J.: 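Attaching a single structure in structure tokens format; questions to follow.
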Amino acid sequence: MTGNSGDDTPVDVTKGAPQAETGATVATSTEHPPGAAERAAPGSRQGDFGIDTTARTTGQALRDYGTRLRSGELGSLPALLGLLALFILFTVLDKGGVFPSLLNLANLLQQGAGRTIIAMGLVFVLLTGEIDLAAGTASGLAAALMALHLVSGGNMLGAMGTTVFILFVVVMLLAAALAAFLRIWWAVALSVVAALLLVVGFPQNAWLEMLLAISVGVVIGVLTGFLVAKVGMPSFVVTLALFITWQGVILQLIGDGGTLGLRDPVINAVANGNLSTLGSWLLFVVGAGGYALVLLNRQRTRLAKGLVAQPTGLVLLKIGAVVVLGAVATYLLTQDRSPGLIEISGVPYVVPIVLVLLVVGTYVLDRTRFGRHVYAVGGNREAARRAGIDVVRIRASVFVISSAFAAIGAIVYSSKVGSVSPAAGGGNTLLFAVGAAVIGGTSLFGGRGRVSNAVIGGAVLATVENGLGLLKQPAAVVFVITGLVLLVAAGVDVLSRRRSATAGR
Amino acid sequence: MSEPILQLRAVSKSFGAVRVLHDVDFTVRAGEVTALVGDNGAGKSTLVKCVAGIHPIDGGDILFEGNPVTVHSPADAAALGIEVVYQDLALADNLDIVQNMFLGRERGRSWLLDESDMEQAARRTLASLSVRTVTSVRMPVASLSGGQRQTVAIAKAVLWDSKVVLLDEPTAALGVAQTRQVLDLVRRLAEQGLGVVLISHNMADVFEVADRIATLYLGRMVAEVPTKDVTHGQVVELITAGRSGDLGLARPEAAGVTQ
Ligand SMILES: Nc1ncnc2c1ncn2[C@@H]1O[C@H](COP(=O)(O)OP(=O)(O)OP(=O)(O)O)[C@@H](O)[C@H]1O
Ligand SMILES: [Mg+2]
């Protein structure tokens with residue numbers, strides 16, 4: 001099986017006569033000095049990269065995409081097709097017509113959002129080839145602290161007991177010191193915030209409580225990251241140990257059999273509230289408009305600089321698809337979907353929350369130096385080290401990001417449930433999150449994956465759960481089917497890897 | 001044009017109990033190609049990695065442009081203007097050609113990389129190496145042939161405004177025409193005033209491009225001689241026995257060298 005046509009030709013069959021040294025100097029448009037090779041071969045031409053200089057047509061681009069698929073770069077395609085199939089399947093099977101109802105679809109978004117957000121953070125860890133088994137219970141711990149503060153009316157010292165309280169503050173300050181040692185400054189700041197929020201003892205306030213949850217997530221991430229990246233323990237062992245540890249801490253905070261109710265309008269609205277109709281359409285305009293602007297701008301600059309750009313037709317097609325789908329979804333979600341008298345309408349808050357995290361996460365991974373280095377560490381850690389990348393810092397940072405996302409996910413799922421129990425974040429929360437990332441196309445071997453993978457995979461798993469629930473299937477069936485979906489996804493990952501390995505060199 | 005630009009003085013390096021480099025002296029001169037030869041396991045790659053800041057040295061000094069320097073990390077070496085093509089290439093398979101070439105030294109701001117600038121610079125450099133079979137600089141390195149990967153690794157090293165380039169068996173995976181390109185490049189780099197170190201097992205290549213030949217034998221530098229003063233046969237003897245006539249190790253010592 002050959003890969004992209006022409007790639008397999010060994011280099012030595014080039015018509016490799018030494019290029020004519022015309023002596024004309026290459027006009028270097030940048031302020032960077034020309035490299036050694038450029039100075040050594042001033043007369044060389046740039047026109048040597050077939051498709052690099054000539055724009056492709058939409059048809060060619062689609063054919064290239066086909067070639068890439070055949071050579072094993074499947075990305076999110078299997079998951080998207082699976083999602084489509086599941087929708088059709090459940091719509092047909094659910095005789096009551098509940099599954100495709102707007103109420104249920106909005107509910108599905110709200111149900112799946114929390115764990116999807118945890119999965120989005122996990123993508124960063126998976127990209128470096130590590131695993132964070134503790135993300136689930138870490139999220140539970142963040143939720144527990146948030147709920148404890150709410151329930152105790154801000155008296156954390158009283159709610160925790162002196163010993164536990166002091167331990168918490170000490171650990172938070174320790175995390176701040178470790179983060180400073182690792183030079184992850186934003187984590188230093190948030191660890192200090194966590195300690196301050198505990199010590200200052202502010203009165204009950206939903207926003208500060210959510211900030212507390214997120215900064216607790218950061219503290220946890222710093223501890224994990226330090227042990228894995230600096231001490232050098234395998235992430236599997238560290239996070240397995242911490243998984244159990246955090247479960248114990250949650251139990252200590254909430255007490256066996258207890259639950260902490262989240263009776264606060266702001267926290268309740270996170271997963272249960274909706275944007276107003278105006279807000280929904282504003283979200284559409286900002287979201288779809290922003291997407292169009294980014295794509296068109298990139299297209300314009302690349303064409304202006306004479307670089308290969310995607311065919312303009314294809315770009316317009318993508319923008320058109322997003323605009324139409326976004327408009328339809330917004331229109332439907334702004335209709336009244338309540339079966340009763342009280343109107344329920346508007347895009348659920350979880351949609352903008354997930355979208356913002358998706359955009360930020362994707363931007364960080366695709367456009368920033370940090371993101372580039374995350375991929376490099378996952379692809380070849382030694383090469384990254386030799387390129388002068390601070391591998392320890394990158395590996396620690398991804399755990400901080402993962403735990404911070406987990407805390408945000410915890411806020412969302414706790415809001416949906418309305419309370420925090422000792423089981424929060426335990427059970428299969430983490431496995432669902434890992435599964436979501438993998439189903440969406442993130443590789444467990446590191447180096448391949450995107451934040452959007454987690455969103456798509458999270459949607460698949462939420463749909464399976466929701467659909468089977470509506471079909472009155474017992475939990476046993478739901479678990480078995482969810483497991484099989486994951487198995488298939490992992491299988492696709494391995495097969496596509498093998499395929500790209502053979503189709504490659 | 002034979003200023004020593006990079007000098008090693010009595011550099012030694014051990015991995016655990018195994019002494020890999022014994023008091024090695026080595027000089028790289030600006031504007032010259034110095035070939036570094038030696039049998040498998042002689043310590044050539046280790047020497048290069050010590051200069052590149054990957055392995056800390058246990059003893060001895062490294063002088064750059066006459067001044068003693070400490071190279072603690074690859075970034076230090078790059079800051080001095082030392083570039084290395086590693087024997088194992090050190091490319092990240094999941095990144096594309098441009099991303100690999102600029103890895104660790106991306107252009108643009110930390111929060112917004114300048115992709116088009118990097119892409120154009122990468123294309124210019126690859127073009128100067130006369131790479132013709134790579135269809136796009138945005139192809140992931142995983143989908144390149146072995147020789148193409150090696151070319152990318154070389155391009156990555158000569159992309160910078162560097163002063164010393166060390167190439168660890170850069171032509172091992174290359175075909176005839178591409179080897180020609182690399183050898184020409186090596187010569188041209190030296191003509192530009194760079195200090196070039198070429199590690200190779202191919203004596204014909206060494207004799208074609210090198211001004212001086214340095215021979216490592218079981219971790220010892222046994223000879224550093226101008227190419228024109230030695231024959232193929234002598235160099236092969238130096239590599240295999242550490243001694244050739246009055247070159248290399250003195251006779252009585254030779255018996256004790258076997259570690
Ligand atoms: N990281 C390491 N840890 C332990 N021993 C090492 C390490 N790297 C190299 N060595 C040992 O050092 C010696 C020299 O290795 P080196 O790679 O420098 O040889 P070389 O001259 O480059 O050989 P070749 O021509 O095969 O590339 C070998 O005996 C090798 O086993
Ligand atoms: Mg070697």
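The figures here come from the full heavy-atom set of this structure, side chains too, leaving out hydrogens, waters and symmetry mates. Remember, it's a predicted structure, so these values are computed and weren't measured experimentally.
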J.: Taking all non-hydrogen atoms of both residues, which atom of A:Gly388 and which atom of B:Pro74 are closest, and how far apart?
T.: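 Where A:Gly388 meets B:Pro74 most closely, the heavy atoms are N-CB, 4.1 Å.
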
J.: Measuring heavy-atom distances to chain B, does A:Arg367 have an atom under 4.5 Å in its side chain, in its backbone, in both, or in neither?
T.: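 For A:Arg367, heavy atoms of backbone and side chain both lie under 4.5 Å from chain B.
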
J.: Please state whether the side chain, the backbone, both or neither of B:Asp88 comes within less than 4.5 Å of a heavy atom of chain A.
T.: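 B:Asp88 touches chain A through side-chain heavy atoms alone.
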
J.: Within this structure, what is the CG-CG distance for the pair B:Leu89 and A:Asn380, rounded to the nearest 0.5 Å?
T.: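 Between B:Leu89 CG and A:Asn380 CG, I get 10.0 Å after rounding to 0.5 Å.
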
J.: Check each atom of A:Arg381 against the heavy atoms of chain B and say whether the ones under 4.5 Å are side chain, backbone, both or neither.
T.: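 When you check distances to chain B, no heavy atom of A:Arg381 falls under 4.5 Å.
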
J.: Under 3.5 Å, side chain of A:Arg386 to main-chain N/O of B:Ile54, donor-acceptor pair present?
T.: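 No: the side chain of A:Arg386 does not pair with the backbone of B:Ile54.
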
J.: For A:Val364, is it the side chain, the backbone, both or neither that has a heavy atom under 4.5 Å from a heavy atom of chain B?
T.: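 Only the side chain of A:Val364 comes within 4.5 Å of chain B.
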
J.: Could you give the distance from CG (B:Leu91) to CD (A:Glu382), rounded to the nearest 0.5 Å?
T.: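 Result: 12.5 Å between the selected atoms.
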
J.: Do other residues, nucleotides or ligands put more than 12 heavy atoms under 6.0 Å from A:Trp186 CH2?
T.: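 Above 12, so yes.
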
J.: Could you name each residue pair satisfying ring pair (Phe, Tyr, Trp, His ring centres under 6.0 Å) that touches residues 180-203 of chain B, not counting sequence neighbours?
T.: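 Not a single pair qualifies under ring pair (Phe, Tyr, Trp, His ring centres under 6.0 Å).
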
J.: What part of B:Trp160 is in contact with chain A, defined as an atom under 4.5 angstrom from a non-hydrogen atom: side chain, backbone, both or neither?
T.: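 For B:Trp160, the backbone is the part near chain A, not the side chain.
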
J.: Considering non-hydrogen atoms only, spot the tightest contact between B:Leu95 and A:Ala376 and give its length.
T.: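 Closest approach of B:Leu95 to A:Ala376, heavy atoms only: CD1-CB, 3.9 Å.
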
J.: Is it the case that more than 12 heavy atoms not belonging to A:Phe181 sit under 6.0 Å from its CZ atom?
T.: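 Not more than 12 within 6.0 Å, no.
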
J.: I'd like to verify something: which residue of A:Lys305, A:His373, A:Arg372 has the highest number of heavy-atom pairs under 4.5 Å with chain B?
T.: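 Heavy-atom pairs under 4.5 Å are most numerous for A:Arg372.
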
J.: Heavy-atom distance under 4.5 Å to chain A: side chain of B:Glu115, backbone, both or neither?
T.: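 For B:Glu115, side-chain heavy atoms alone lie under 4.5 Å from chain A.
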
J.: If you count heavy-atom pairs within less than 4.5 Å of chain A, which of B:Ala75, B:Ala157, B:Ser110, B:Ala173 leads?
T.: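 Most heavy-atom pairs under 4.5 Å with chain A: B:Ser110.
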
J.: Under 4.5 Å heavy-atom distance to chain A, tell me which part of B:Ser162 shows up: side chain, backbone, both or neither.
T.: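 When you check distances to chain A, atoms from both the backbone and side chain of B:Ser162 fall under 4.5 Å.
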
J.: Test: ring pair (Phe, Tyr, Trp, His ring centres under 6.0 Å). Region: residues 125-144 of chain B. Which pairs qualify, not counting sequence neighbours?
T.: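 Ring pair (Phe, Tyr, Trp, His ring centres under 6.0 Å) check on residues 125-144 of chain B returns no pairs.
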
J.: Does a side-chain heavy-atom distance below 4.5 Å link A:Tyr375 with B:Leu103?
T.: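 Contact flag for A:Tyr375/B:Leu103 side chains = no.
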
J.: Working to the nearest 0.5 Å, report the span between CG of B:Leu113 and OG1 of A:Thr368.
T.: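 If we round to the nearest 0.5 Å, B:Leu113:CG and A:Thr368:OG1 are 6.5 Å apart.
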
J.: If you count heavy-atom pairs under 4.5 Å between each of B:Gly53, B:Ala52, B:Ser116 and chain A, which one has the most?
T.: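 Sorted descending by pairs with chain A, the first entry is B:Ser116.
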
J.: Please classify the contact between B:Lys49 and chain A as side chain, backbone, both or neither, with a heavy-atom cut-off of under 4.5 Å.
T.: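 It is the side chain, since no backbone atom gets that close.
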
J.: Work out which heavy atom in A:Ala383 is nearest to a heavy atom in B:Ala92; give both atom names and the distance.
T.: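 Result for this residue pair: CB-N, 4.4 Å.
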
J.: How close do B:Glu119 and A:Arg302 get, heavy atom to heavy atom, and via which atoms?
T.: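 Shortest heavy-atom contact: OE1-NH2, 2.9 Å.
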
